[in-house]
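Read through the structure below, which is laid out as structure tokens, and then see the notes.
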Amino acid sequence: MKKRLMALLTAIVMMFALAACGGKATLDGILSSKEWQDELKTWNDQVSSLGITIDTVADGNTLVFEWHLPDNDAFNALSGDDCASMISPFLETLAGADFIAVFKQSYKLSLDAVRCTVLNGSGTEIYRDEITK
């Protein structure tokens, strides 16, 4: 699972390092663009064997990565600490790559933060963490 998450992180960082989609007026506009949806599909392909799906939504000028866990005993037993051990490396990688600055350069839009939320199989948020500029 860690290898898949690291591959996902690498893909995300690379996508933003190479992106040049031009300016979009809003975060919602960026997230609904074909380019973003294509990348989101790539990320979901990388975690699909785990039963996890990732969605991205805008909360004002905060980019939210929603990690949807499958509804099964193994994932339903995860605690907040378990989720932190899964999400913290993801956020640390984004922070280390200066993701917020790369996003601004690529999309001409300043983010206030990047948040990750983990939702259990019933859609209840069980963990949240974020990085800010």
Side-chain angles (χ1 to χ4, degrees):
M1 184 161 133
K2 286 187 179 185
K3 286 183 182 180
R4 290 177 192 258
L5 290 175
M6 289 310 294
L8 173 66
L9 295 173
T10 301
I12 291 170
V13 171
M14 292 289 294
M15 188 272 303
F16 284 106
L18 300 173
C21 297
K24 302 274 187 192
T26 66
L27 184 54
D28 283 324
I30 292 167
L31 299 183
S32 64
S33 71
K34 179 178 177 353
E35 296 85 5
W36 186 269
Q37 291 301 308
D38 288 346
E39 287 301 322
L40 188 59
K41 181 185 179 322
T42 299
W43 305 334
N44 275 294
D45 288 347
Q46 293 180 21
V47 295
S48 65
S49 66
L50 301 171
I52 297 172
T53 58
I54 300 171
D55 196 9
T56 51
V57 296
D59 179 10
N61 255 11
T62 296
L63 171 58
V64 181
F65 286 90
E66 292 183 339
W67 294 61
H68 298 269
L69 304 179
D71 190 11
N72 64 40
D73 291 341
F75 281 102
N76 289 338
L78 290 178
S79 69
D81 288 341
D82 296 325
C83 293
S85 68
M86 181 173 68
I87 297 302
S88 291
F90 177 80
L91 286 174
E92 288 169 8
T93 300
L94 294 182
D98 205 4
F99 180 89
I100 292 174
V102 172
F103 188 94
K104 180 179 180 179
Q105 181 180 359
S106 298
Y107 292 103
K108 313 297 186 255
L109 180 74
S110 294
L111 295 174
D112 296 331
V114 176
R115 179 183 312 138
C116 287
T117 59
V118 179
L119 306 164
N120 66 15
S122 66
T124 301
E125 183 179 301
I126 58 174
Y127 183 77
R128 169 192 291 219
D129 197 5
E130 68 182 41
I131 56 174
T132 58
K133 52 183 171 175

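Everything quoted here is computed from the prediction, not taken from an experiment.
Counting only heavy atoms from C-beta outward, the side chains of I52 and P70 approach each other to under 4.5 Å. Contact of the L69 side chain with the M86 side chain is registered, since non-hydrogen atoms from C-beta on lie closer than 4.5 Å. Put simply, the side chain of L78 does not reach to within 4.5 Å of the side chain of V118, judged on heavy atoms.
Distance check: F103 CZ to L111 CG gives 4.5 Å after rounding to the nearest 0.5 Å. A distance of 7.0 Å separates NZ in K108 from OG in S106, rounded to the nearest 0.5 Å. Between the CG atom in L109 and the CG atom in L27 there is a gap of 6.0 Å [rounded to 0.5 Å]. Note that CD of E125 is 10.0 Å distant from CG of N120, once rounded to the nearest 0.5 Å. Atom CG of D112 is separated from atom CG of L63 by 11.0 Å, given to the nearest 0.5 angstrom. Separating the CZ atom in F90 from the CH2 atom in W67 is a distance of 5.5 Å, to the nearest 0.5 Å.
Closest non-hydrogen pair, I30 versus W36, comes out as O-CB, 3.1 Å. Nearest heavy atoms, E130 versus A113: OE2-CB, 3.8 Å. Annotation for D28 and A58: closest pair OD1-CB, 3.2 Å, computed over non-hydrogen atoms. Of all heavy-atom pairs spanning C83 and I126, the tightest one is SG-CD1, 3.6 Å. Pairing each heavy atom of I87 with each of C116, the nearest pair is CG2-CB, 3.4 Å. Considering every non-hydrogen atom in both Y127 and G80, the closest pair reads CD1-O, 3.5 Å.
Within 6.0 Å of NZ on K41 lie no more than 12 heavy atoms contributed by other residues, nucleotides or ligands.
Applying the salt bridge (charged side-chain N to carboxylate O under 4.0 Å, His left out) rule to pairs touching residues 52-65 yields D59-R115, sequence neighbours excluded. Residue pairs satisfying the salt bridge (charged side-chain N to carboxylate O under 4.0 Å, His left out) criterion with at least one member in residues 67-95, sequence neighbours excluded, are absent.
Other residues sharing the hydrophobic cluster of V57, ordered by chain and number and joined by side-chain separations under 4.5 Å: V64.
V114 pairs in a side-chain contact (heavy atoms from CB on, under 4.5 Å) with only one of the listed residues (L94, T132, T62), which is L94.
By the criterion of side-chain heavy atoms lying less than 4.5 angstrom apart, applied directly or through intervening Ile, Leu, Val, Met, Phe, Trp or Tyr residues, L50 is not grouped with L119; the two fall into different hydrophobic clusters.
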